[in-house]
Amino acid sequence: MDCLQEAQVCVRDPQCEALYQTLELCAADEADSQLGEQARGQCLEAQGALHPRYSPLLACKCLRGGGMREERCLRVYWSVRVFQGDEELEESPYKEFPMDTSRMASIVAASSATAPDGQNACLKAAQDCGLYEKCGALRSEYVLACTKRVPASSHCNRQRCHRLLRRFLERVPEEYSLGVLFCPCTHALCGERRRKTIVPSCSYQDRDGTPPNCLHLQSFCRRDELCRSRLADFLHQCQPSSPSSSGCLRESGAACLRAYAGLIGTIMTPNYVSNSSVDVSLWCNCEGSGNQWQDCLRIQHMFTNNPCLTNSIVSMGISGPLSVEGTSPPPPRPSPLVQQEELLNNALPEHNEVVESEETEDLQEEKEEEVKRHFNVIPLYSVKSTVSNLGSGATPASYLAPAPPPLLLLLLLLLSASLSWG
């Protein structure tokens, strides 16, 4: 059941609509500052009244696809769960789909299979991405945003960097996005490229090099509906289990890795801790946690001491049995896009930096995607703007207009000449 659809059903009932609007206000106020005792009591009363009569709204889920639709859906999901507390993170807000871990492993292994022994498998994965037009374009887009300095400052635009990182991971086929994230490495040079894939200097590191407290990081994450959702999905999908052979309670390393990738581009962006291992961690520590030390360590250990996550990452460098459908990546397509290979080091912006709104761009892209889904529109490569034709004055129509055959031109010239002589 989709949360947006259930919300539409709810607003047709005046009583349900009134309760839902109350909870919406409660969720917005709680995100800004903790509600007072009286206001909290009114919100709890509305939540209690909604539960027995409108259960479909409380059982709804969302699709993880990025964009404004996902954000609107998550707003509904969390509005009716405004006071759930820690148990909120025990369940994912996203609809679950079956995933084949061995297929994902084969995809990633195939992305580096042609790299000679000892060579940089992550460089090979990046080159394959560059040859596939959509991957190359979106990768260049986030690399530029994450390495470009804000005018009159010495740091990058972290919010835009996050947004384009998420777009890359959500829109590029897994054959390529997982290849650059989980490429297997046997030497430090390869490991360095893998670690720098998400541009650490902008995506999570602070300018002074001091990691924040993990409790503060999680607190900020819970105030943001998208980050809160991606964290809940990660905790749900990557829950460890000792008796399990995979180390995962749900026996799905593929689902765990997708949930891990979903955190990239949020305030809780994880990454590899070094160039010589597959160990990952958040950029945070537990200094100054006081009597919440154990709670802070629990957040760290979700990444550093999680056999489900570790085994899932390791398995991505090992080719598993191919599925019946076939798992080889689609053939590379030539692209004139110039890839920016070197990731520059930039510092982070302040947390309260004001960034321009990009909702219009998201809405336009969603409309384009909707048109393609309904009408199966595949734009011709010849009419797309590329590096080679951006500066020319030609229009798309000029690329499609066929040139007249030479014989036809000759007949027209002879006809014109005979008329002038006559």
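Since the model is a prediction, treat every value here as computed from it, not as a measurement.
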**Request:** For Ser244, enumerate each residue passing the side chain to side chain donor-acceptor pair (under 3.5 Å) test, keeping only those at least two apart in sequence or located in another chain.
**Result:** Ser246, Glu251
**Prompt:** Does Ser140 reach the main-chain N or O of Ala137 with its side chain, forming a donor-acceptor pair under 3.5 Å?
**Reply:** no
**Prompt:** Going by heavy atoms in the side chains, are Arg160 and Lys148 under 4.5 Å from each other?
**Reply:** no
**Request:** Return yes if some donor-acceptor pair links the side-chain N/O of Arg53 with the main-chain N/O of Ala49 below 3.5 Å, else return no.
**Result:** no
**Asked** Would you say the SG of Cys308 sits less than 2.5 Å from the SG of Cys238?
**Response** no
**Prompt:** Would you say the side chain of Gln42 lies within less than 4.5 Å of the side chain of Thr22, judging by non-hydrogen atoms?
**Reply:** no
**Prompt:** Which heavy-atom pair separates Trp283 from Asp206 by the least distance, and what is that distance?
**Reply:** NE1-N, 3.6 Å
**Request:** Only pairs at least two apart or in different chains count here, so list each side chain to side chain donor-acceptor pair (under 3.5 Å) that has a residue in residues 55-67.
**Result:** Lys61-Glu91
**Prompt:** Between Phe234 and Phe303, how do the two ring planes meet: parallel, tilted or perpendicular, split at 30° and 60°?
**Reply:** parallel
**Message:** Is it true that Ser289 and Asn213 share a donor-acceptor pair across their side chains at a distance under 3.5 Å?
**Reply:** yes
**Request:** Evaluate side chain to side chain contact (heavy atoms under 4.5 Å, CB included) for Leu19 paired with Leu23, printing each intermediate quantity in order.
**Result:** CA-CA 6 Å; Leu19 292 171; Leu23 290 175; 5.5 Å; no
**Prompt:** Checking Asn271 side chain against Arg195 main chain: does a donor-acceptor pair fall under 3.5 Å?
**Reply:** yes
**Item:** Whether over 12 other heavy atoms sit under 6.0 Å from Glu45 CD
**Value:** no
**Asked** Taking only residues at least two apart or on different chains, which pairs with a member in residues 296-310 satisfy side chain to side chain donor-acceptor pair (under 3.5 Å)?
**Response** Asp295-Arg298
**Item:** Stepwise disulfide (SG to SG under 2.5 Å) test for Cys185 and Cys190
**Value:** CA-CA 6 Å; Cys185 289; Cys190 174; 2.1 Å; yes
**Asked** Can you name the residues that form a ring-ring contact (aromatic ring centres under 6.0 Å, His included) with Tyr260, not counting sequence neighbours?
**Response** none
**Asked** Going from NZ on Lys124 to CZ on Arg193, what distance comes out if it is rounded to the nearest 0.5 angstrom?
**Response** 13.0 Å
**Request:** List in chain and number order the residues that pass salt bridge (charged side-chain N to carboxylate O under 4.0 Å, His left out) with Arg230, two or more places apart in sequence or in another chain; answer none if no residue qualifies.
**Result:** Glu70, Glu170
**Message:** Distance check, rounded to the nearest 0.5 Å: Glu225 atom CD versus Arg228 atom CZ?
**Reply:** 7.5 Å
**Asked** Nearest heavy-atom pair of Thr269 and Thr266: which atoms, and what distance?
**Response** OG1-O, 2.5 Å
**Message:** Looking at every non-hydrogen atom in both residues, tell me the closest pair between Ile267 and Leu217 and how far apart they are.
**Reply:** O-CD1, 3.5 Å
**Fill in**
Heavy-atom closest pair (Asn285 atom, Cys296 atom, distance to 0.1 Å) is O-SG, 3.7 Å
**Request:** Please name the pair of heavy atoms, one in Leu226 and one in Arg166, separated by the smallest distance, quoted to 0.1 Å.
**Result:** CD2-NE, 3.4 Å
**Request:** Would you indicate whether the side-chain heavy atoms of Lys95 and Asp2 approach each other to under 4.5 Å?
**Result:** yes
**Request:** May I have the step-by-step check of disulfide (SG to SG under 2.5 Å) for Cys256 and Cys248, ending in yes or no?
**Result:** CA-CA 8 Å; Cys256 176; Cys248 300; 5.1 Å; no
**Item:** Distance, nearest 0.5 Å, that separates OH of Tyr272 from CD of Glu192
**Value:** 14.5 Å
**Prompt:** Is the shortest heavy-atom distance from the side chain of Tyr20 to the side chain of Glu17 under 4.5 Å?
**Reply:** no
**Request:** Give yes when the SG atoms of Cys62 and Cys3 are nearer than 2.5 Å, otherwise give no.
**Result:** no
**Request:** Could you pull out all residues at least two apart from Tyr94 that satisfy ring-ring contact (aromatic ring centres under 6.0 Å, His included)?
**Result:** none
**Request:** Tell me yes or no: between the side chains of Arg250 and Gln239, is some donor less than 3.5 Å from an acceptor?
**Result:** yes
**Prompt:** Between Val199 and Ser201, is any pair of side-chain heavy atoms under 4.5 Å apart?
**Reply:** yes
**Request:** Report yes or no: does Ser219 contribute a side-chain atom to a donor-acceptor pair with the main-chain N or O of Leu215 at less than 3.5 Å?
**Result:** no
**Message:** Would the distance check show the side chain of Arg167 and the main-chain N or O of Val172 forming a donor-acceptor pair, the cut-off being under 3.5 Å?
**Reply:** no
**Message:** I'd like to check Phe182 versus Thr197 (side-chain heavy atoms, cut-off strictly below 4.5 Å). Are they in contact?
**Reply:** no
**Message:** Give me the atom names and distance for the closest heavy-atom approach of Gln8 to Arg12.
**Reply:** O-CG, 3.4 Å
**Request:** Evaluate the criterion side chain to side chain contact (heavy atoms under 4.5 Å, CB included) for residue pair Leu138 and Tyr176; output intermediate values, then yes/no.
**Result:** CA-CA 11 Å; Leu138 293 180; Tyr176 299 103; over 6 Å; no
**Request:** Kindly indicate, with the supporting measurements, whether the criterion side chain to side chain contact (heavy atoms under 4.5 Å, CB included) is fulfilled by Leu178 and Leu257.
**Result:** CA-CA 9 Å; Leu178 295 181; Leu257 288 183; 5.5 Å; no
**Asked** Side chains of Arg258 and Asp233: does their closest heavy-atom pair fall under 4.5 Å?
**Response** no
**Prompt:** Under 4.5 Å between any side-chain heavy atoms of Asn157 and Arg163, yes or no?
**Reply:** no
**Rounded distance [0.5 Å steps], CG in Leu63 versus CZ in Arg69** = 6.5 Å
**Asked** Just one of Pro56, Cys16, Cys73 clears the side chain to side chain contact (heavy atoms under 4.5 Å, CB included) bar with Glu6, so which one?
**Response** Pro56
**Message:** Assess the residue pair Cys227 and Cys221 against the criterion (disulfide (SG to SG under 2.5 Å)); give the C-alpha distance rounded to whole Å, side-chain angles, the decisive distance to 0.1 Å, and a yes or no.
**Reply:** CA-CA 5 Å; Cys227 183; Cys221 179; 2.1 Å; yes
**Message:** Quick one, Cys161 with Cys202, criterion disulfide (SG to SG under 2.5 Å). Give me CA distance, side-chain angles, the key distance, then yes/no.
**Reply:** CA-CA 7 Å; Cys161 174; Cys202 183; 3.8 Å; no
**Request:** Report the C-alpha distance between Asp279 and Ile313 in whole Å, list the side-chain angles of each, state the deciding distance to 0.1 Å, and finish with yes or no for side chain to side chain contact (heavy atoms under 4.5 Å, CB included).
**Result:** CA-CA 9 Å; Asp279 297 335; Ile313 294 175; over 6 Å; no
